[in-house]
Amino acid sequence: MSLKSIANYINGERLPPIANDYLDTINPATNEKITTLPNSNKYDLDLAINAAKKAIPIWQAMPMSERASYLLAIAKLIKKHKDTLAELECIDTGKPLQTTQSVDIPRAAENFEFFAKCANSDFSKVYDMQDKGINFTQQKSLGIVACISPWNLPLYLFTWKIAPALLMGNCVIAKPSEVTPLTADYLAKLCIEADLPAGVLNILHGKGNKIGQAIIEHKDIKAISFTGGTETGKHIAQSAAKDLKKVSLELGGKNASIIFADCDFEKMLATTIKSSFSNQGQICLCTSRLYIENSIYEQFKNSFVAAAADLIVGDPYNQETTQGAVVSELHYNKILSHIEQAKAEGAVVLLGGEVKKVPGRCKHGFFVKPTILENLKTDSKTNQTEIFGPVVSLIPFNSENEAIVEANNSTYGLCSVVWTQDINRAHRVSRKLDTGIVWVNQWMLRDLRTPFGGQKHSGVGREGGKYALEFFSETTNICIGF
Ligand code: NDP
C-alpha cells in the first residue's frame, strides 16, 4: 500500500504542518517506510486552538441528541471503510490483519455508537429539601480538551477518548502516537465526510515531547485525557497541576493472573494464552506474571509451553498468523533487552527468549517469539518492570494468602485475573487485589459502561460509561430556595 503524506486535521480541513516539517512512519513487519506525518509545532496548535474556540459556542449550543447523531454518522463511516482502516492499522502496528479486522476497527465504531447512546442518560440528579428548596445538578462541557493516545490499540483508544469528549459538548485537540498515525488521519477524512462542524475535532500529528508537550501546556486546554506510559503520565500530571487542569491517566501495568488448582483448566489455559500474548503482549491488560498453585505447577507449565509453541508468529497479512511484529525497532530492542536482563537475573527460558526471523517480505521486520520464563521472584526487576511485549513469568505459590500478597507486590495496579471454581474464594481473593479491574474466570470481557482504570502507578481516574462523561464535564449544583 503506498500512501500520500498524513495531514493534520484543523478547522475541518486536512492541512500540512506550518513548518513543512515531516517524520517518517515505518511498517514494523517489513521495516519499510509507509509515508510521512507532520512534525507539528506550537503554530499548528495555535491554529487548532483558534478553530476550537470558534466552534465551541456552536457545538455547546447544539442539543446533545444532535451531537450524538454526528457520532453515529462517524461510526457508520468507520463500518463502511472497515477494510481500509483494518489494513492501515495492520501496516502501521505490525499486528495481524485478522486482529485489526476483528478487534481494533469494530471497537472504534462501537466506541462512537456506545457514547452516542449515552445521550439518553439521566445526567441530572435531584436533592429535594422539601419546604426549603430543591437542588439539581447540571453537567456542563469543559471547553477545549486534549486526548492523547498510545500506539498499541491506535484507533480503538483514540476514539474511546474522543467520543465521550465530543458528546459532552467539548471541542477536542487530539494527538495519536507518532508511531501509529495512519488511522487517526483516516478518521479525519471520515469526519469531513460526516460533516462534523469545523473545529470541533482537531487532530495534530507529531512527537510527544514537541506537539504533545505544547498541547498539555496550553492555557486553553481544560482537561487532559491521556493513555500511555507511567513516566509520561507523571510528567503530564505535574505539568497539568500548574494550571489545575483535570487529568485522566490510564498508564502501564504488570498484571497478575492467579491460577488455583480448582480452576476449569482447559478454559483457563486457552484464556491465559490470550491474556499473555494477544497483540504481542502489547495490551495494558495483558497478564505478565502468572501465579500458579504448586500442585498444578508442572501440569500448567507443560501445557502452557506447548500451547504457546503453537502460536504462529509471522506475516500479519497471513490469516493464520496469531503473532505479528512488535510495534517498532525501538520497542523490539527494549523487549530484547528485558529478556537479556531476565536471563542475567537467573531466569530459565522455557520458550522463546529470542527474535523470530520471518522470511519473504517480512525478513527485516521486528518479530519476537512468545517467551515464557520461570525461576524469578516477584521482586526481581523483570517481574516489577512493565515489558509490554510477549514475555511472561511463571511463579508457583502454596497458599491463597501468599498468592494475594505476591500479586499485590507491584507498583502497578491495573488489572488482575483469578482462576478458581470456588465461589467463596473468588469473592475473597478478588476483593483483596489492589487493581482497578479484577476478572474472575475471564479476561478482557468488557462492558463499556463499567469503570476502566488502574490504581497505584497504573493511573488516576476511570474511563468508560458515566465515568468518562463525568470526566469530560463540570458538575454544577443549582439550588432553588422556596
Ligand atoms: P508513551 O507514554 O510514550 O506515549 C503515549 C502518548 O503520549 C503518545 O501519543 C506520545 O507521543 C505522547 N507523549 C509522549 N510524551 C509526551 C509529552 N511530554 N506530552 C504529551 N504527550 C506526550 O506511551 P506509549 O505510546 O509507548 O504506549 C505504551 C504505554 O501505554 C504502556 O506503558 C502501556 O501500558 C500504556 N497503556 C495503558 C493503557 C491503559 O488503559 N492503562 C492502555 C494502553 C497502553 P509519541 O508517540 O509521539 O511519543
Side-chain angles (χ1 to χ4, degrees), residues 1 3-4 6-14 51-52 55 58-93 95 97-121 141 145 147 149 153-174 176 180-203 225 446-449 463-466 468-469 472:
M1 198 186 246
L3 292 173
K4 287 194 183 148
I6 284 168
N8 286 328
Y9 172 52
I10 301 173
N11 203 23
E13 285 182 282
R14 290 178 66 254
I58 304 159
W59 191 242
Q60 282 181 339
M62 198 181 273
M64 193 181 276
S65 57
E66 213 175 309
R67 292 197 295 261
S69 67
Y70 283 103
L71 302 193
L72 288 176
I74 297 167
K76 209 166 157 191
L77 286 168
I78 291 175
K79 286 181 173 172
K80 185 172 157 198
H81 293 260
K82 66 182 184 343
D83 294 337
T84 308
L85 283 163
E87 187 169 3
L88 291 173
E89 206 72 295
C90 169
I91 62 173
D92 222 9
T93 59
K95 66 175 85 178
L97 183 60
Q98 51 111 340
T99 306
T100 62
Q101 286 167 334
S102 61
V103 179
D104 295 71
I105 305 309
R107 174 62 190 273
E110 195 189 348
N111 287 338
F112 280 108
E113 283 172 347
F114 171 78
F115 282 108
K117 284 189 202 132
C118 291
N120 300 323
S121 307
S141 78
V145 299
C147 296
S149 57
L153 295 159
L155 193 63
Y156 176 133
L157 291 175
F158 198 54
T159 54
W160 177 235
K161 297 180 178 304
I162 289 171
L166 293 181
L167 181 76
M168 295 312 283
N170 302 288
C171 289
V172 175
I173 309 289
T180 53
L182 297 184
T183 47
D185 185 44
Y186 205 85
L187 178 70
K189 294 179 192 167
L190 300 184
C191 290
I192 293 168
E193 199 178 329
D195 281 328
L196 185 69
V200 163
L201 171 64
N202 303 278
I203 300 175
S225 173
R446 292 279 293 119
D447 179 330
L448 302 188
R449 294 170 301 177
E463 295 187 318
K466 68 171 184 151
L469 303 177
F472 284 117

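One-based numbering along the sequence shown.
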### Message
Quick check: closest heavy atoms across A165 and C147, and the distance to 0.1 Å?
### Response
CB-SG, 4.4 Å

### Exercise: identify the closest heavy-atom pair between I173 and A52
CD1-CB, 4.4 Å

### Message
Donor-acceptor pair, distance only, cut-off 3.5 Å: does the side chain of N170 make one with the backbone of S141?
### Response
no

### Query
Do side-chain atoms of E89 reach the backbone of L155 as a donor and acceptor pair under 3.5 angstrom?
yes

### Summary
Correct closest heavy-atom pair for N11 and N202 would be N-OD1, 3.0 Å

## Note on the structure
Those residues at least two apart in sequence (or on a different chain) that pass side chain to side chain contact (heavy atoms under 4.5 Å, CB included) with R446 are R107, W160, W439, L448, T450, F452

### Query
Under 3.5 Å, side chain of W59 to main-chain N/O of L166, donor-acceptor pair present?
yes

#### Entry: From CG (L153) to OG1 (T100), nearest 0.5 Å
11.0 Å

### Task
Just do the side chain to side chain contact (heavy atoms under 4.5 Å, CB included) check on R67 and V200 with the steps written out, would you?
CA-CA 10 Å; R67 292 197 295 261; V200 163; over 6 Å; no

### Task
Locate the shortest heavy-atom distance separating P181 from I6; write the atom from each residue and the value.
CG-CD1, 3.4 Å

### Task
Starting from the C-alpha separation in whole Å, work towards a yes-or-no answer on side chain to side chain contact (heavy atoms under 4.5 Å, CB included) for T84 and L88.
CA-CA 6 Å; T84 308; L88 291 173; 4.2 Å; yes

### Message
Restricting to non-hydrogen atoms, name the atom on S225 and the atom on F472 that form the minimum distance, rounded to 0.1 Å.
### Response
CB-CZ, 3.6 Å

### Message
Keeping N8 on the side-chain end and I10 on the backbone end, is there a donor-acceptor pair under 3.5 Å?
### Response
no

#### Entry: Sidechain-backbone polar pair: R449 side chain, G464 backbone, donor-acceptor under 3.5 Å
no

### Message
I'd like to know whether E87 forms a side chain to side chain contact (heavy atoms under 4.5 Å, CB included) with D83, so could you lay out the CA-CA distance, the side-chain angles of the two residues, the decisive distance to 0.1 Å, and finally the verdict.
### Response
CA-CA 6 Å; E87 187 169 3; D83 294 337; over 6 Å; no

### Query
Does the R14 side chain pair with the main chain of K189, one donor and one acceptor, at a distance under 3.5 Å?
no

### Query
Where do C118 and L469 come nearest, in terms of heavy atoms and distance?
CB-CD1, 3.7 Å

### Task
Any chance you could measure F114, atom CZ, to T159, atom OG1, to the nearest 0.5 Å?
12.5 Å

### Message
Looking at N111 and Y156, would you say the former's side chain and the latter's main chain have a donor-acceptor pair under 3.5 Å?
### Response
yes

Output a table of donor-acceptor pairs, distance under 3.5 Å, between side-chain atoms of residues 70-82 and any protein atom two or more places apart or on a different chain; print 'none' if there are none.
residue, atom, partner, partner atom, Å
K79, NZ, E113, OE2, 2.5
H81, ND1, Y186, OH, 2.9

#### Entry: Rounded distance (nearest 0.5 Å) linking atom CG of D104 with atom CG of L97
10.5 Å

